[in-house]
Amino acid sequence: MFKKKTKLAVIIPCYNEELVIKTTVETLLRVLDDLIEKGKISSDSYLYLVDDGSKDKTWSIIEELHSKTSRVKGTKFVRNYGNQKALIAGLLGVKEFGCDCALTIDADLQQDENSIEKFIDEFHNGAEIVSGIRNDRKTDTVFKKTTAFLFYKLMNLMGVKIPPNHSDFRLVSSRALDILERYSESELFLRGFFHETGLKTAYVHFDVKPRAAGSSKFNFVSLTSLALNGITSYSIVPLRLISAIGLITVFIMACVGVDAVCDKLFRHDAPSGWATLVMLIIFIGGFQIFCLGVIGEYLGQIFSEVKARPRYIKEKEIL
Ligand code: UDP
Ligand code: MG
């Protein structure tokens, strides 16, 4: 059917997932078997789990699963580095081990594993990147729905045209992995990166299920930090915007200044305008601090990149 069968590597980031990981691995192995039977992937396709410094039994469960079948491979970080780093480690890990394409999926299987076949079909049709798009956000809280909506709107406004409801449920070709290896920035934002490569992209719509067990590993702080990293690593629009607003403010201030001088010289009622003065001081003061914060975000981004520290440290790898 196909010239050479596709070797698929499925990457699963895990952080404190002892409650779900065993079932997830068994389910995904069944999906691989089914695809092998259908002749869509090769029999040496495998799973690659990245334990992002879990404090529970996740790693020992992974080792146990590996001892039963070498189709379960994985690596463990010395500490928690966050989901993006775990995904990057997975992608680079399977690139080194070898594969024709790599798929990333969450350990809680909220993303529908039955749609993996569609990802493979799109890959066989020539797509180098196949991105999963959520059909809806029924399983998300109102807060997450709103912030996600605002984030994608903001990213689009700032010139980073990533499609809304995009997720890290994604299949990429080995060519995309070659490009990834050449990106040395440590705070790489994967959704922006894959969009930037310009490789042929296809989309697969999938249903989101509720989490099988355990709770979300993201909180307000980690989501905000992911969003800020996405913005500051892919857009300088905020910096330009504050320059523009700065110019407009200078113009307004000049008008107010001229009016104040006129008050003094011609209308002789200088003491009035106290309220205006206070308002302006508050406005300008607050605005300046906000601008400093925006600049600070970029400065922070430069600060962490310039040190060029390793993205993560692996404690173990089982292949
Ligand atoms: N995850 C990770 N490191 C972290 C946080 C999360 O590797 O610091 C993994 C987690 O185990 C899961 C995936 O990232 O496989 C998505 O996390 P989660 O399901 O908690 O996020 P949500 O679905 O709530 O957005
Ligand atoms: Mg989840």
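When a ligand or atom number is given, it counts from 1 through the structure's own listing order. Note that this is a predicted model, so its numbers are computed, not measured.
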**OP:** Run the numbers on Lys40 and Asp34 for salt bridge (Lys or Arg N to Asp or Glu O under 4.0 Å), then give the verdict.
**Re:** CA-CA 9 Å; Lys40 296 198 173 185; Asp34 180 47; over 6 Å; no

**OP:** Mind running salt bridge (Lys or Arg N to Asp or Glu O under 4.0 Å) on Glu63 and Lys57 for me, showing each step along the way?
**Re:** CA-CA 10 Å; Glu63 280 184 322; Lys57 296 201 194 77; over 6 Å; no

**OP:** Start with the C-alpha gap between Asp207 and Lys209, add the side-chain angles, then the distance that decides, and say whether salt bridge (Lys or Arg N to Asp or Glu O under 4.0 Å) holds.
**Re:** CA-CA 6 Å; Asp207 288 323; Lys209 295 178 277 183; over 6 Å; no

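Atom CG in Leu32 sits 9.5 Å away from atom OG in Ser42 (nearest 0.5 Å). Within the model, atoms CD1 of Ile36 and OG1 of Thr6 stand 11.5 Å from one another, a figure rounded to the nearest 0.5 Å.
Considering backbone and side-chain N/O atoms, Gln110 comes within less than 3.5 Å of an N/O atom of ligand 1. Below 3.5 Å of separation, one finds no N or O of Ala86 facing any N or O of ligand 1.
The pair Asp33-Arg71 meets the salt-bridge criterion, with a side-chain N (NZ, NE, NH1 or NH2) lying under 4.0 Å from an Asp/Glu carboxylate O. Using a 4.0 Å cut-off between charged nitrogen and carboxylate oxygen, Lys22 and Glu26 count as a salt-bridge pair.
Which parts of ligand 1 touch Asn80 is read off a 4.0 Å heavy-atom cut-off, strictly below it: atoms 3 (N), 4 (C), 8 (O). Near Ser216, the atoms of ligand 1 lying under 4.0 angstrom from a non-hydrogen atom of the residue are 20 (O), 21 (O), 22 (P), 24 (O).
For atom 22 (P) of ligand 1, the closest heavy atom belonging to the protein is Lys144 NZ, 3.6 Å. Ranking the protein heavy atoms by distance from atom 10 (C) of ligand 1 puts Glu17 OE2, 3.2 Å first. For atom 20 (O) of ligand 1, the closest heavy atom belonging to the protein is Lys217 N, 2.5 Å. Annotation: atom 19 (O) of ligand 1 to nearest protein heavy atom, Asp108 OD2, 2.6 Å. Nearest protein heavy-atom neighbour of atom 18 (P) of ligand 1: Arg211 NH2, 3.6 Å. The protein atom (non-hydrogen) at minimum distance from atom 17 (O) of ligand 1 is Phe218 CE1, 3.7 Å. For atom 15 (O) of ligand 1, the closest heavy atom belonging to the protein is Pro13 O, 2.7 Å. In terms of protein heavy-atom proximity, atom 14 (O) of ligand 1 is closest to Asn83 ND2, 3.0 Å.
At a cut-off of 3.5 Å, with distance as the only test, a side-chain donor of Thr232 or Gln301 sits close to an acceptor on the other residue.
The ring pair (Phe, Tyr, Trp, His ring centres under 6.0 Å) contacts involving residues 4-49 comprise Tyr46-Phe97, where partners must be two or more places apart or lie in separate chains.
With a heavy-atom cut-off of 4.0 Å, Cys14 touches ligand 1 through its backbone alone.
Judged by distance alone, the side chain of Ser54 and the main-chain N or O of Asp51 form no donor-acceptor pair under 3.5 Å. In this structure a side-chain-to-backbone donor-acceptor pair under 3.5 Å is missing from Gln110 to Pro210. A donor-acceptor contact shorter than 3.5 Å is absent between the side chain of Glu187 and the backbone of Glu305. Put simply, the side chain of His66 never gets that close to the backbone of Lys73: no donor and acceptor are under 3.5 Å apart.
Around the Mg ion (ligand 2), the protein atoms of type N, O or S found under 2.8 Å away are Asp108 OD2, Gln110 OE1, listed by chain and number.
Summarising the contacts of atom 13 (C) of ligand 1 with Leu223, Asp106, Thr58, Thr141, the nearest heavy atom is found in Asp106. Nearest to atom 3 (N) of ligand 1 by heavy atom, out of Asp52, Val50, Asp51, Leu49, is Asp52.
Below 30°, between 30° and 60°, or above 60°: for Phe77 and Tyr312 the angle between ring planes is below 30°, a parallel geometry.
Lys85 does not count as a contact of ligand 1, since none of its heavy atoms falls under 4.0 Å from the ligand.
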